[in-house]
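Residue numbers start at 1 and run along the sequence shown.
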Amino acid sequence: MFCSDIDACLQKDADARPTSQRLLSHPSIKKYEHSRVDLAAFVQSVFDLTQRMKDLADLHLNAMLKRAAFSDLNLAPKT
């Protein structure tokens, strides 16, 4: 159900896209109507996670490059 809700929001044709009023009255949105959300904290957590993922990818890439360099020199560390 969630994916179809997202698909409906992303319709390029404005006539095929639900109105904002209709989307806001959807049960999956209404159930959070009275919830308090710290949007700033949420956005920060997303960016922090994105940066951590980039850092991990960089570490992994560097480790792979080191292994490849050692392998080319026949100096690969013994495991």
Taking all atoms of both residues into account, what is the closest heavy-atom pair of Ile29 and Leu24, and its distance?
->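 Nearest pair, atom of Ile29 first, then Leu24: CG2-O, 3.8 Å.
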
Shortest non-hydrogen separation from Ala8 to Pro18 and the atoms involved =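 Between these two residues, the closest heavy atoms are O-CD, 3.2 Å.
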
Name every donor-acceptor pair, under 3.5 Å, that has one atom in a side chain of residues 31-43 and the other anywhere in the protein, sequence neighbours excluded.
residue, atom, partner, partner atom, Å
Glu33, OE1, Lys30, NZ, 3.4
Asp38, OD1, Ala40, N, 3.4
Asp38, OD1, Ala41, N, 3.2

Which atom pairs, donor and acceptor, lie under 3.5 Å between side-chain atoms of residues 53-66 and protein residues at least two apart or in another chain?
residue, atom, partner, partner atom, Å
Asp55, OD1, Gln51, NE2, 2.9
Asn62, ND2, Asp58, O, 3.3

Under 3.5 Å: donor-acceptor pair, side chain of Arg17, backbone of Cys9 |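 Side chain of Arg17 to backbone of Cys9, a donor-acceptor pair under 3.5 Å: no, none is there.
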
